[in-house]
Enquirer: 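Let me give you the structure first, and then I'll get to my questions.
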Amino acid sequence: MAEHEQWDIVSSVGFTALLVAAGRAVETCRDDRLVDDPWAQRFVAAANPPSSVPVRPGETWTVHDPDPAIRSEVDGFWTMMATYQGVRSRFFDDALDRAVSAGTDQVVLLAAGLDARALRLPWGSGVTVYEIDQAGVLEFKDEVVEAHDGRPTCDRRVVGVDLRDDWVAALRAQGFDPSRPTAWLAEGLLPFLPADAQETLLRAIDELSAPGSTIAAEHFADVIAMMAHRPSLAALVAPFGVEFPSLISTEERPPAARRLSELGWDVDSVDSPGVARGYGRDLAGLPDGIEFSSDLVTAVKS
Ligand SMILES: C[S@@+](CC[C@H](N)C(=O)[O-])C[C@H]1O[C@@H](n2cnc3c(N)ncnc32)[C@H](O)[C@@H]1O
C-alpha cells in the first residue's frame, strides 16, 4: 500500500475542511440561512488556528499583504465562498433527505471532514451514517463532539482511512452492507483526488451500490485551478502554512456526471449559480470576470 501524506485539521487538505466549515458558520449566522450548523463555529474555535478564521458575516481573513487590491480580492473571494458553502450544503441536505425519505437507511459521507450532518439532520435512529476521512481529521471532530456532549441523530460510524487506500474494506469492517441501497455524498472532495483515484472511487461506489442507491457529488471544471494560482488565495492561506495549488489535482478527467451515466446511473446535473439563484443567492465576487461554476450532480442507480 502506498504511504500517503497524513494531515490534520490545520494542515494540508485538512485545512480545507476548516475553511468550508467556516463558510457554514457564516451561513448559520444569517437570518435567511439555508443551513443551520451550530457545529461549524465550534470546530473552528477548537482547531485553535494559527491565524483568525472568519465565522460571522462581515468578518475577514487576516492577510499580511500591503497591496489593498489583494486584500479586496480575498474579501470578494470569501464572500462568494461562504455563500457557496450555504448553497451546496442545502442542496446536498435536500438530496440526502429525499434518499432517506424514500427508504434508504445507509448513508456514506465520503471525505466527511467537519460535516456535521450526523448531528444536525433529523435522520432517525434506523439510519446509519458512515463518515470517511483521514483518521486525524475524524479524531479531531470526535474530540469536539464529545467536548460539547454531541448526540448523533443516527447511528454514526467513523471510518478513518485515506480514500486512495482500501477504504472499501475499512467501510465494510464498520458494518456497511452493499446489499442495501446507499446514499453516497462526495461534497468538496473530487478536486483533491488525482484523476485515477477519482475513477477508482466512482467504480467502487458503483460496485457497492444496490439498485435504488443514490449519489450526490460536486464537479468543478476549471474555476478552482484558475483561482488556485491567484496571489490573493496564496495570501489567504499563507498564515496557515498551506500552499493551495499543491492540494488540488488539475489532471484531466471526465465530469463525474458523464462517468456515472456511462456506469448506468440515471443522472441529473445542475450548475451551482442556477441553484444559488433559486435560493435567492448570487455567487458573484471573483476577480477579473472569473465566473464561479460547479456542477451539482445527483444520480440514482436503477
Ligand atoms: C473541502 S473539505 C470537504 C469536507 C466535507 N465534505 C465538507 O464539505 O464539509 C475536503 C476533505 O477531503 C478530505 N480528503 C481529501 N483527500 C482525501 C483522501 N485522499 N482521503 C480521505 N479524505 C480526503 C480532507 O481531509 C477534507 O476533510
Side-chain angles (χ1 to χ4, degrees), residues 1-28 34-35 37 39-44 47 53 81-82 84-93 95-96 107-121 129-142 144 158-168 170-171 183-202 204-205 215-220 224 227-228 233 237 240 242 244 246-249 251 272 294 296:
M1 190 189 298
E3 281 294 314
H4 298 300
E5 178 201 356
Q6 301 295 300
W7 52 77
D8 59 23
I9 208 64
V10 287
S11 63
S12 186
V13 192
F15 171 74
T16 68
L18 198 65
L19 186 98
V20 298
R24 286 193 294 271
V26 173
E27 177 70 26
T28 297
L34 297 171
V35 291
D37 183 354
W39 289 93
Q41 205 174 95
R42 292 171 193 153
F43 289 137
V44 175
V53 172
M81 187 67 183
Y84 178 61
Q85 295 316 313
V87 168
R88 85 170 187 192
S89 297
R90 173 58 177 274
F91 181 87
F92 289 139
D93 281 2
L96 291 170
V107 176
V108 180
L109 308 178
L110 299 152
L114 302 178
D115 178 335
R117 288 186 175 90
L119 299 142
R120 69 176 176 81
L121 294 185
V129 176
Y130 297 91
E131 298 186 359
I132 304 182
D133 207 301
Q134 278 212 355
V137 171
L138 295 174
E139 281 161 15
F140 165 81
K141 186 177 188 177
D142 280 350
V144 180
V158 296
V159 187
V161 66
D162 194 293
L163 284 161
R164 294 161 294 182
D165 290 334
D166 192 356
W167 61 271
V168 173
L171 180 63
W184 303 89
L185 176 65
E187 179 184 32
L189 166 63
L190 300 182
F192 304 111
L193 292 181
D196 62 345
Q198 173 173 320
E199 175 64 17
T200 307
L201 181 88
L202 292 178
I205 289 171
I215 183 166
E218 173 195 40
H219 170 84
F220 288 98
I224 289 198
M227 280 305 296
L233 195 48
V237 299
F240 303 89
V242 173
F244 205 82
S246 69
L247 305 184
I248 58 167
S249 168
E251 291 170 2
S272 50
S294 67
L296 301 179

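Ligands are counted one by one from 1 in listed order, and the atoms in each one are counted from 1 as well.
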Enquirer: For Leu109, which of Leu185, Asp133, Val159, Ile132 qualifies under side chain to side chain contact (heavy atoms under 4.5 Å, CB included)?
Expert: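 When side chain to side chain contact (heavy atoms under 4.5 Å, CB included) is applied between Leu109 and each of Leu185, Asp133, Val159, Ile132, only Leu185 qualifies.
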Enquirer: Is it the case that the side chain of Gln41 and the backbone of Trp39 share a donor-acceptor pair, with hydrogens and angles ignored and the cut-off at 3.5 Å?
Expert: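 Side chain of Gln41 to backbone of Trp39, a donor-acceptor pair under 3.5 Å: no, none is there.
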Enquirer: Which protein residues come within less than 4.0 angstrom of ligand 1, counting heavy atoms only?
Expert: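 Lining ligand 1: Trp7, Val13, Thr16, Ala17, Val20, Arg24, Arg88, Ala111, Ala112, Gly113, Asp133, Gln134, Val137, Val161, Asp162, Leu163, Arg164, Glu187, Gly188, Phe192, Leu193.
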Enquirer: What closest approach, in Å, do Ala17 and Gly113 show between heavy atoms, and which atom pair accounts for it?
Expert: CB-CA, 4.1 Å
Enquirer: Can you name the side-chain hydrogen bond (donor to acceptor under 3.5 Å, both in side chains) partners of Glu131, sequence neighbours left out?
Expert: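 Checked Glu131 against side-chain hydrogen bond (donor to acceptor under 3.5 Å, both in side chains); matches are Lys141, Arg156.
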Enquirer: Under a plain distance cut-off of 3.5 Å, with no hydrogens placed, do Ser89 and Glu27 share a side-chain donor-acceptor pair?
Expert: no
Enquirer: Phe140 vs Phe43 aromatic rings, parallel, tilted or perpendicular, using cut-offs 30° and 60°?
Expert: tilted
